[in-house]
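Here's the structure, in structure tokens; my notes come after.
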Amino acid sequence: MCEDDHAGPADHTGGHAGLGRRALFVTGAAAALTLGSVTFASGADDTRDARTRTVRGTLPPGSPDFVYLPVEVPDGVREIKVSYSYEKPSVPAGTPGNALDIGIFDWRGTELGGRGFRGWSGGARTEFFIRADEATPGYVPGPVREGTWHIALGPYTVAPQGLPYEVTVTLTYGEPGETVEPTYPPDRAKGRGRAWYRGDCHLHSWFSDGRRTPAEIAALARAAGLDFINSSEHNTHSAHAHWADLAGDDLLIMLGEEVTTRNGHVVALGTEPGTFVDWRYRARDNRFGRFARQIRKAGGLVVPAHPHATCVGCNWKFGFGEADAVEVWNGPYTPDDEVTLADWDSMLVASVREGRDWIPAMGNSDAHRDPDPVGSPQTVVLADDLTREAIQEGIKAGRSYVAEAKNVSLNFGVSGAKGEHAGIGERLKADRDTPVTVRLEASGAPRCTVRFVTDQGVLFTSPPLPVAGSGVVEWRTTPSYAAYVRAELRHEAAAGPLPGALAAFTNPIFLGRQADRA
């Protein structure tokens with residue numbers, strides 16, 4: 001985009017962020033920098049349809065998490081359009097280069113909580129627009145009212161040389177379009193009554209950094225045998241109004257967000273339509289509890305995502321005190337998933353030892369683009385019906401297992417001598433020395449090995465299942481020997497003593513009476 005020669009460029013190159021007037025303030029979260037304002041003539045004073053301003057600057061290493069560029073929007077503006085670019089100089093191996101995210105807040109301000117939030121694309125786009133009737137994916141359409149808007153820049157990583165950037169703002173004057181009332185998908189599908197339902201609750205479309213449309217994702221979900229999915233775009237709820245036509249009797253579409261902070265990501269699973277959850281804080285700011293409560297107040301579940309992922313800012317640092325479940329398996333099974341599985345198992349041991357509540361596990365694809373498979377892995381939930389509330393209740397109760405694909409099915413339970421029975425996420429109330437039988441029926445897992453894992457570790461490993469992929473495995477134990485038992489199905493290891501990648505795993509079944517947990 002060319003600069004408006006009539007207006008002249010606002011070209012600033014000196015100072016901390018390249019602009020002469022600035023203020024460092026604390027928002028109640030991370031420190032933020034506010035730059036000098038960008039101003040425009042009012043519509044009444046301008047004879048043309050659009051005006052453009054361009055600002056330039058350089059952010060040094062150690063810049064705050066968020067840099068706000070105020071834009072004074074006059075009355076009579078129909079559309080605001082923003083484009084930006086930044087330099088990416090070469091850096092030594094092992095040194096982070098430049099990465100600059102972008103979003104915008106409207107006249108209602110940038111206060112933590114996001115009342116003025118109008119969109120975020122992170123680093124996925126170089127330009128966006130907002131009008132009353134339409135907006136770039138990732139952004140929320142609506143009125144472009146007079147007042148101080150703020151372009152939010154997020155210097156995710158800054159090279160030692162600094163981060164030179166350029167931001168161009170174009171205002172188009174004229175009559176606004178008609179604001180469209182959003183419609184949302186229903187919170188129930190037809191269902192099969194109390195049954196096992198398959199879902200993938202961590203997916204990305206072109207409304208954040210994915211490359212698929214919601215329609216493409218819905219088609220892939222159906223092909224993967226899924227009964228439910230959850231919209232989880234990075235730091236924006238803008239996709240919520242674009243799923244209504246894609247739901248059906250066969251597919252429940254829940255709405256949420258992947259709250260992407262600098263200290264880890266959390267999936268807000270199944271919130272009320274239109275719920276936005278702010279992400280502008282770190283663990284040291286002691287703000288996460290507030291937003292976890294907001295997620296639950298909006299009817300959602302709090303699910304830390306890929307806690308041991310190695311990408312910048314992905315490792316989870318907020319603790320698990322607010323978690324309703326934890327994403328143990330994320331996308332293709334990799335070493336960080338193995339670490340998360342072991343960490344989750346240690347939390348199970350601690351919950352038994354201390355007599356406190358346990359945190360269920362789930363798995364999701366985190367699919368972004370081809371060839372990322374939707375529904376691999378998928379969480380299979382025992383729910384009373386195919387509704388948002390019932391699915392969430394099943395996940396939170398731990399009545400679920402995780403499978404790599406739709407062909408993998410498990411039936412896992414524990415029985416006592418008198419006919420007592422408990423399934424996944426339940427407790428078999430039996431005396432400490434009473435023999436119990438652990439039984440797993442599996443299908444769709446050729447040559448996979450079954451392992452029964454307890455609070456004492458792996459206590460049973462089966463021979464490989466037949467090539468046909470189906471089989472039954474049984475093991476006898478007592479509550480005094482195993483306070484809980486969970487099942488893992490693993491592929492044959494490629495080499496060495498390490499276990500193979502998971503084909504499926506279950507949440508635990510607890511053994512013994514409640515008093516035996518302490």
Problem set entry | Verdict with supporting geometry, Thr461 and Arg490, side-chain hydrogen bond (donor to acceptor under 3.5 Å, both in side chains) | CA-CA 10 Å; Thr461 302; Arg490 290 185 177 263; over 6 Å; no
Exercise. Heavy-atom count around Arg222 CZ within 6.0 Å, excluding the residue itself: above 12?
Worked result: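 Counting other residues, nucleotides and ligands, CZ of Arg222 exceeds 12 neighbours.
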Exercise. Is a side-chain donor-acceptor pair under 3.5 Å present for Thr340 with Asp337?
Worked result: no
Which residues satisfy the side chain to side chain donor-acceptor pair (under 3.5 Å) test with [X], sequence neighbours excluded?
| X | value |
| --- | --- |
| Arg211 | none |
| Ser121 | Tyr139 |
| His242 | none |
| Thr379 | none |

Exercise. Within a strict 4.5 Å, meaning less than it, do heavy atoms of the Leu226 and Gln378 side chains meet?
Worked result: yes
With sequence neighbours excluded, give me every salt bridge (charged side-chain N to carboxylate O under 4.0 Å, His left out) pair touching [range].
| range | value |
| --- | --- |
| residues 226-249 | Arg192-Asp227 |
| residues 296-314 | Arg296-Glu322, Arg296-Asp324 |
| residues 378-392 | Arg194-Asp384, Glu272-Arg388 |

Pair up each side-chain donor or acceptor in residues 298-313 with any protein partner under 3.5 Å, not counting sequence neighbours, and list the distances.
from   : atom 1 : to     : atom 2 : distance (Å)
His306 : NE2    : Glu258 : OE2    : 3.4
His306 : NE2    : His265 : ND1    : 3.4
His308 : NE2    : Asp343 : OD2    : 3.1

For this session: Only counting residues at least two apart or in another chain, list the ones meeting side-chain contact (heavy atoms from CB on, under 4.5 Å) with Ser415.
Result: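 Once residues adjacent in sequence are excluded, the partners of Ser415 under the side-chain contact (heavy atoms from CB on, under 4.5 Å) criterion are His421.
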For this session: Using the ring pair (Phe, Tyr, Trp, His ring centres under 6.0 Å) rule, collect all pairs that involve residues 333-355, keeping only residues at least two apart or in two chains.
Result: Trp329-Tyr333, Trp344-Phe505
For this session: Check ring-ring contact (aromatic ring centres under 6.0 Å, His included) between Tyr156 and all other residues, then give those that pass, not counting sequence neighbours.
Result: none
Exercise. Residues in ring-ring contact (aromatic ring centres under 6.0 Å, His included) with His204, at least two apart?
Worked result: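 For His204, the residues satisfying ring-ring contact (aromatic ring centres under 6.0 Å, His included) (neighbours in sequence not counted) are His202, His234, His368.
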Exercise. Counting N and O atoms only, with roles assigned by atom type, does the side chain of Asn364 sit under 3.5 Å from a partner on the main chain of Asp366, one being a donor and the other an acceptor?
Worked result: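 It does not hold such a pair.
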Exercise. CH2 of Trp243 to CE of Met254: how many Å apart, nearest 0.5 Å?
Worked result: 12.0 Å
